[in-house]
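Data first, discussion second: the structure below is written as structure tokens.
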Number of protein chains: 2
Amino acid sequence: MRVREGDKEKDILDAAIKVFAHVGFHNAKISRIAEVAGVATGSVYLYFRNKREILLKIFDKLWLNVYEGSENALQKKNLNPPEKIDEMIDILIDTFIESPSLALVFVNEQYHLMDDESASFKVYYNKFFEIGEEIIKEGIKKNIFSKSLDVEILRYYIIGGVRNLLHQWAREPEKYPLNKIRQASKYITKYGIIEK
Amino acid sequence: MRVREGDKEKDILDAAIKVFAHVGFHNAKISRIAEVAGVATGSVYLYFRNKREILLKIFDKLWLNVYEGSENALQKKNLNPPEKIDEMIDILIDTFIESPSLALVFVNEQYHLMDDESASFKVYYNKFFEIGEEIIKEGIKKNIFSKSLDVEILRYYIIGGVRNLLHQWAREPEKYPLNKIRQASKYITKYGIIEK
DNA sequence: AATAATAATGAATCAATATTCAATAATATG
DNA sequence: CATATTATTGAATATTGATTCATTATTATT
């Protein structure tokens with residue numbers, strides 16, 4: 001019998017990330033993904049049911065990573081709430097450090113997918129968010145964070161801000177270097193723009 | 001000769017906003033937009049060159065509005081930098097107050113369009129941003145805003161945060177009422193999460 | 001070396017829908 | 001009222017690209 005050469009599933013996923021990042025999910029052709037991956041068009045269907053499954057797989061891996069990463073990091077280290085927020089921001093940013101393309105796919109395609117009932121990554125996405133929520137609640141309880149804040153609204157604001165910065169970085173990495181957006185995200189989130 | 005009945009261009013635009021919001025630009029069928037607008041499929045092409053032109057027109061009107069609105073508001077009132085930031089946030093939020101659908105289109109489709117050379121709305125979008133930049137610079141100069149902030153990075157963070165909140169509101173208006181996200185946006189932007 | 005079993009190919013199929021256009025409708029004008 | 005002019009229609013066309021599948025390639029096993 002014939003045996004599988006290399007890891008075509010990974011090749012296809014990596015190619016898809018590049019192509020999705022470049023032209024967007026809807027304009028991405030399977031034939032182009034196959035070409036970039038170095039396989040035949042039909043081979044893509046040996047590994048994925050259809051185009052959407054490829055995108056979902058990318059998001060599954062992404063959010064499982066992020067969730068597990070933050071779960072681990074926060075468990076072992078003993079941090080106070082502001083430090084924990086920093087840690088969460090670090091984990092999110094580190095997820096994309098090797099791949100601006102992945103950042104673009106995240107930024108451009110996630111909203112659409114949120115409407116999809118079958119998007120299993122949402123479980124981990126939500127868990128990640130719940131961790132954030134817990135941190136904020138803890139901070140408020142300890143009188144470190146402002147009591148007047150609505151926890152849920154806050155977390156959406158922060159993720160939106162960080163996300164938009166990731167987008168800028170992915171588009172123009174030299175102009176918006178990752179260390180700068182990392183530092184800025186942490187600072188603004190904690191202190192806002194008004195000088196203390 | 002025959003005369004035009006009503007304002008079909010507006011009907012089509014309004015219908016398109018609803019349909020784009022509902023299923024996304026790429027899944028939106030012209031035939032469905034026509035149906036919602038109450039015109040024949042072919043009529044859409046009397047008013048717009050193609051589907052993309054409809055989307056671009058929506059964004060043109062949107063950002064012209066926002067830009068002119070902020071230009072006016074800031075000119076007539078005499079505000080200090082923090083108040084000006086509040087004003088900008090108000091204008092952005094007020095733009096969508098009548099139409100959650102428009103908010104969804106903005107949130108879901110804008111990123112893709114930014115790559116489009118021919119997207120003329122970018123002029124106004126950038127002008128709006130420049131106003132924000134000026135305000136932040138002024139605040140820093142007056143020692144009201146923190147000196148350490150990178151102006152450009154900051155503005156992307158804020159717009160990202162507000163945007164994400166608009167998204168939540170548009171999806172679940174009862175859960176995330178506009179006045180709450182308005183207030184939260186202003187507070188976090190200015191003070192961050194740490195209690196003073 | 002022959003066989004069996006699975007992997008991979010890529011041209012052909014097929015469906016979806018954006019766009020076109022020939023036909024029809026409406027009304028201003030003379 | 002007849003005509004000319006422009007608006008509107010919606011069925012037909014054309015294109016695009018996702019998906020399929022008959023064919024071919026590869027290698028483990030005997």
Side-chain angles (χ1 to χ4, degrees), chain A residues 1-60 105 108-109 112-113 115-119, chain B residues 1-60 105 108-109 112-113 115-119:
Chain A
M1 73 171 147
R2 187 173 184 176
V3 107
R4 295 196 165 179
E5 344 150 348
D7 188 347
K8 288 211 171 48
E9 179 173 329
K10 185 179 185 313
D11 294 343
I12 293 166
L13 277 178
D14 288 346
I17 289 170
K18 280 182 202 149
V19 177
F20 290 160
H22 195 58
V23 300
F25 175 75
H26 288 282
N27 294 119
K29 301 180 209 171
I30 294 288
S31 58
R32 177 65 184 149
I33 293 172
E35 188 184 12
V36 173
V39 303
T41 301
S43 296
V44 172
Y45 289 87
L46 298 175
Y47 294 89
F48 300 93
R49 203 188 316 279
N50 54 42
K51 192 170 146 184
R52 166 153 286 243
E53 292 278 303
I54 304 176
L55 186 63
L56 287 173
K57 185 70 169 205
I58 291 169
F59 275 86
D60 278 352
V105 175
N108 286 326
E109 313 298 344
H112 296 302
L113 288 181
D115 296 322
D116 191 326
E117 288 302 321
S118 71
Chain B
M1 69 174 150
R2 189 171 180 178
V3 107
R4 295 194 166 180
E5 343 149 348
D7 188 349
K8 288 211 172 52
E9 179 173 330
K10 184 176 185 317
D11 294 344
I12 293 165
L13 277 178
D14 288 346
I17 290 171
K18 280 184 203 148
V19 177
F20 289 160
H22 196 57
V23 300
F25 175 75
H26 288 282
N27 295 119
K29 301 183 211 167
I30 294 288
S31 58
R32 177 64 184 150
I33 292 172
E35 188 183 10
V36 173
V39 302
T41 302
S43 296
V44 173
Y45 290 87
L46 299 175
Y47 295 90
F48 301 93
R49 203 187 317 277
N50 53 43
K51 193 169 144 182
R52 166 153 286 243
E53 292 277 303
I54 303 176
L55 186 63
L56 287 173
K57 186 69 169 204
I58 292 170
F59 274 87
D60 278 352
V105 176
N108 286 326
E109 313 299 343
H112 295 301
L113 288 181
D115 296 322
D116 191 325
E117 289 302 321
S118 71

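Protein chains get the first letters and strands the later ones, always in sequence-line order, with residue 1 at the start of each.
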Between [X] ([atom1]) and [N] ([atom2]), how many Å, whole number?
X: A/N50; N: D/dT19; atom1: CG; atom2: P; answer: 5 Å
X: A/F48; N: D/dT20; atom1: CZ; atom2: C1'; answer: 18 Å
X: A/E35; N: C/dT9; atom1: CD; atom2: P; answer: 13 Å
X: B/K29; N: C/dT17; atom1: NZ; atom2: P; answer: 5 Å
X: B/E53; N: C/dT19; atom1: CD; atom2: C1'; answer: 14 Å
X: A/Y45; N: D/dC21; atom1: OH; atom2: P; answer: 13 Å
X: B/K8; N: C/dA26; atom1: NZ; atom2: P; answer: 11 Å
X: A/E9; N: C/dA7; atom1: CD; atom2: P; answer: 13 Å

Quiz item: So what's C/dT19 paired with, Watson-Crick or G-U wobble, going by both distances under 3.5 Å?
Solution: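 The answer is D/dA12, by the H-bond criterion.
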Quiz item: So do the side chains of B/R52 and B/D116 get within less than 4.5 Å of each other, counting heavy atoms only?
Solution: yes
Quiz prompt | Beyond-backbone contact of A/Y45 with A/I30, side-chain heavy atoms, under 4.5 angstrom | solution = yes
Quiz item: Step by step, would you call B/Y47 with B/L13 a side chain to side chain contact (heavy atoms under 4.5 Å, CB included)?
Solution: CA-CA 10 Å; B/Y47 295 90; B/L13 277 178; over 6 Å; no
Quiz item: D/dT9 phosphate, OP1 or OP2: any side-chain N/O from B/S43 under 4.0 angstrom?
Solution: yes
[X] side chain, from C-beta outward: closest of [options]:
X: B/V39; options: D/dA18, D/dT19, D/dT9; result: D/dT9
X: B/K51; options: C/dT19, C/dG10, C/dA8; result: C/dT19
X: B/A40; options: C/dA8, C/dG10, D/dT9; result: D/dT9

Quiz item: Hey, does B/V44 reach any base, or is it just sugar-phosphate, or nothing, if we go heavy atoms under 4.0 Å?
Solution: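 Touches nothing.
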Practice problem: Just call it for A/Y47: base, sugar-phosphate, or nothing, with non-hydrogen atoms closer than 4.0 Å on any strand. | Solution: sugar-phosphate
Quiz item: Using the ring of each side chain (for Trp, its six-membered ring), is A/H26 parallel, tilted or perpendicular to A/H112, with breaks at 30° and 60°?
Solution: perpendicular
Practice problem: Determine, step by step, whether A/K51 and A/K29 satisfy the side chain to side chain contact (heavy atoms under 4.5 Å, CB included) criterion, reporting the C-alpha distance in whole Å, the side-chain angles of both residues, the deciding distance to 0.1 Å, and the verdict. | Solution: CA-CA 9 Å; A/K51 192 170 146 184; A/K29 301 180 209 171; over 6 Å; no
